[in-house]
Every structure is written in structure tokens, then in C-alpha cells.
Amino acid sequence: MRGTRVLVLNTGSSSVKYQLLDMADGSRPAAGLVERIGERTSYLRHAPAGGPRREREEPVPDHQAALKAVADELARDGLGLDSPELAAIGHRVVHGGRRFTEPTVIDDAVLAEIERLVPVAPLHNPANLAGIRTAMALAPHLPQVAVFDTAFHTTMPEYAARYAIDTAVADAHRVRRYGFHGTSHAYVSRRTAELLGRDPSEVNVIVLHLGNGSSASAVRGGRCVDTSMGLTPLEGLVMGTRSGDIDPAVVFHLARVAGMSVDEIDVLLNKRSGLLGLCGDNDMREVLRRMAGEGPDAESARLAFDVYVHRLKKYIGAYCAVLGRVDAVAFTAGVGENAAPVRQAAVDGLEGLGLAVDAELNAARGGGPRLVSPPTARVAVAVVPTDEELEIAGQTYALVGDGTAGRK
Ligand code: AMP
């Protein structure tokens, strides 16, 4: 009989994050990360459940070396890639294009297709591919599954996925709205239905994933019908360092008037904009702290907060219109789960749409999914912690497990 554990790997351009999950009992025997891959000193952290965590700094030149280090750390705790408990490796893959609508067992054809999508995800898919190829070499006996960030959004109707540009140009270069954070939107919308005690097929949910990257989605009966990120994760909400929605002509203007190159504008909009661009801090904790003070520092933080919240409100309103009937608005990720003032401000004045938060419930801190709207509210407002690792492990296990361990 095959094991019940899944190793989830999230390989970024300069980092690898991992978690080992047991689908039989819901435990997480180990987790860790390797950061600053390719720099002079990289940082490694491995945290076995119940044991002391191990940290060190040393050069890790590439993804191959990083995954080898991860495998060694796991083996030190008797959790190596050859352990019989391990059923599969689940990989987060950022871009699955239109083709990958479901988690997929990886073979050569799947690798080739992920490679074909590199032009639309030049930062992410090459790193994901490096992680997959190395994991396949280290553990050729294990099934490896790709879980795509875009998959949940492939149910968007064509009119929500299309940009209103020349169809021939769009099709030739695969320019359309794909959406990201799909595993989080899938997980959170399902958990929100559970919180309401209803089947996902019966409820309409607006999910607000507010982390360092942020996106909103409109989910009707468990299927995504619109989302705020587009061809790339740049579109939509104001984020930690990304501008979100912007007049595309800003790009032409900066090129013509400021003499900036396309690459410079890319860096400006993706890395030096959003909260960071507006006030110099990309961390919402810092923005909130500064807002409590006085003077120019507080004013710029307040403006950044207001721009952030204004955009958020516009998306809530838009998705109320897209869905027609809304049963719940769910806040998730670092900001959504922890920043009560953001939740409060986002629904402030939206009573006409049936939205309100109860100040006391909203201010309370709690671990699990919870309602923060008053009991009489027409639309439930919820805080639902996301768990992308669990979703990836669950989807992976559902595909390759032997069916004896239930999804948690
Ligand atoms: P994530 O990408 O989901 O890990 O979210 C990271 C972001 O969440 C950070 O950059 C912070 O802006 C935000 N964050 C985390 N904890 C808090 C908190 N207690 N209050 C406000 N924002 C927070």
C-alpha cells in the first residue's frame, strides 16, 4: 500500500519552500525553506514537528543544490524521499495557461507544455520547472503532480477572460486574463461555504486574498467567474509593491516622456509601486503603525492605505454586480487575516450592498475561519485563513493516493 504523505514544493526564482503533510491524520511532520539561492550566502531553515528547528547560512548555488539540501534535511529526521510513507510530491506551478484546468501528474509532455508557457510567465515557470526536474531526478520512483495557480480560474467565461484588444494579436501571443492565487481562492471559497454550513455549489463568494501579492475573485457555486489578476499578477488590487490596475498609457507616457525602458517600467510597476511606491513601506503592519502617528510620515501612510482600500472597495462592488447575489465576502492571507482596520474600511459604507462588520468580532483574533459580520447582516463577512500547502497536498493526494486517507 502506498503512503499517505505528500511533500509540497513551492519553488520560486530564488527560494524553495516546502512542507510535508500527512493526509491520513492531518499532521505536518516537517516544513522549511531555502532563501537567497544563487547569492553569496543562502539561508536554510528546517523545522521538524516536535523537534528543534535547524537554521544555517551557506552558499546554495542553484535549485538543484537547494532541493538536495531539502532532501538531506528530511532524511536526517527519517522523512527522506525514499521513506515508504511518502506518496507523492506536489508542485506549485504558477502558470498553467488554458490547457491545465486540473492538477496533473507530470510526464514529459506536461513538462514540455509548462516550458511552452515560459513566455507568459518568464519569472515563475522556469523556477517551477527547475524544481520539478530536480525532484524527478532525486525521487524517480514517486509520482509528481503539478498544481497550477491558474487552474481554478479556467472556468471564467470568455467575456471575463478576454481583453478588448485585437483578437488575432491576443491569440497569437496568448494575451488573455488567466488569474493567479487559484489554489488559495479554491480553498478559501470552499472553506467559506463550510463555515456557512452549506454546499459550495449553493453559495456565491467574493474572496479577497490580501497578502504581499493580492487578488480578488468572484466564485459562483464553487466555480470562479472573475478574478482581478490578468495575463500576469500585476493587474487588479493595489499590492505591497505592485500598482495593480493602471491606465496602460502610463507605460507609453513613461517611455516617451521619462525615457524609461520597458524593463525599467516593468520593475517600477511590479517592485516599486503599490504601498511601497506610495509611502515607502510595503508591509501593512508598518503602514498601520505610521498612520497612528502625526506629520508627513503618517499622511503618506494614510494616503497609501486610502488608495489601497478604495481599489478594494471598487472590486467588492464590481463582484457584487458580477455575481448578482452574494452570500459571503471572505478575507484571507497576511493582510486579510490580520489587519482588522483594512477589513473595516473595505466594507465601510457598503451597507447598501448588505455588507457590514461587527467592530468587536472584527477586532477579535482567532485561528480558524470565523464570521465578523453582525448576525443580522444580509451578506456574511468572514476571515478564512488560507492554506495553499494543504490545498496542493489535498489535490495531489486525490489524484495519486490510494483513497484510504480522506482529504482534510
Ligand atoms: P502573505 O503574502 O499572505 O504572507 O502576506 C504578507 C503580508 O501580510 C505582509 O507583507 C504584511 O503586509 C501583512 N501582514 C502580516 N501580518 C500582519 C498584521 N498582523 N497586520 C497587518 N498586516 C499584516
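Read the numbers this way: they start at 1 and go in the same order the structure lists the ligands and their atoms. Only heavy atoms go into these numbers, but all of them, side chains included; no hydrogens, no water, no symmetry mates. Please read all numbers here as calculations on a predicted model, not as lab measurements.
- Of the charged side-chain nitrogens involved, none lies within less than 4.0 Å of a carboxylate oxygen, so that Glu389 and Lys17 do not count as a salt-bridged pair.
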Does ligand 1 have any N/O atom under 3.5 Å from a protein N/O, and what are those pairs and their distances?
unit_1	atom_1	unit_2	atom_2	d
ligand 1	2 (O)	Asn212	N	2.9
ligand 1	3 (O)	Gly334	N	2.9
ligand 1	8 (O)	Val335	N	3.4
ligand 1	12 (O)	Asp283	OD1	3.2
ligand 1	12 (O)	Met284	N	2.7

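- Among pairs with a residue in residues 364-383, none fulfils ring-ring contact (aromatic ring centres under 6.0 Å, His included), at least two apart in sequence or across chains.
- In terms of the ring-ring contact (aromatic ring centres under 6.0 Å, His included) criterion, Tyr308 has no residue partners (sequence neighbours excluded).
- For Gln344, there are no side chain to side chain donor-acceptor pair (under 3.5 Å) partners, not counting sequence neighbours.
- Checking His153 against Ser217 by side-chain atom types alone, no donor-acceptor pair falls below 3.5 Å.
- Salt bridge status for Glu158 with Arg176: present, with a side-chain N to carboxylate O gap under 4.0 Å.
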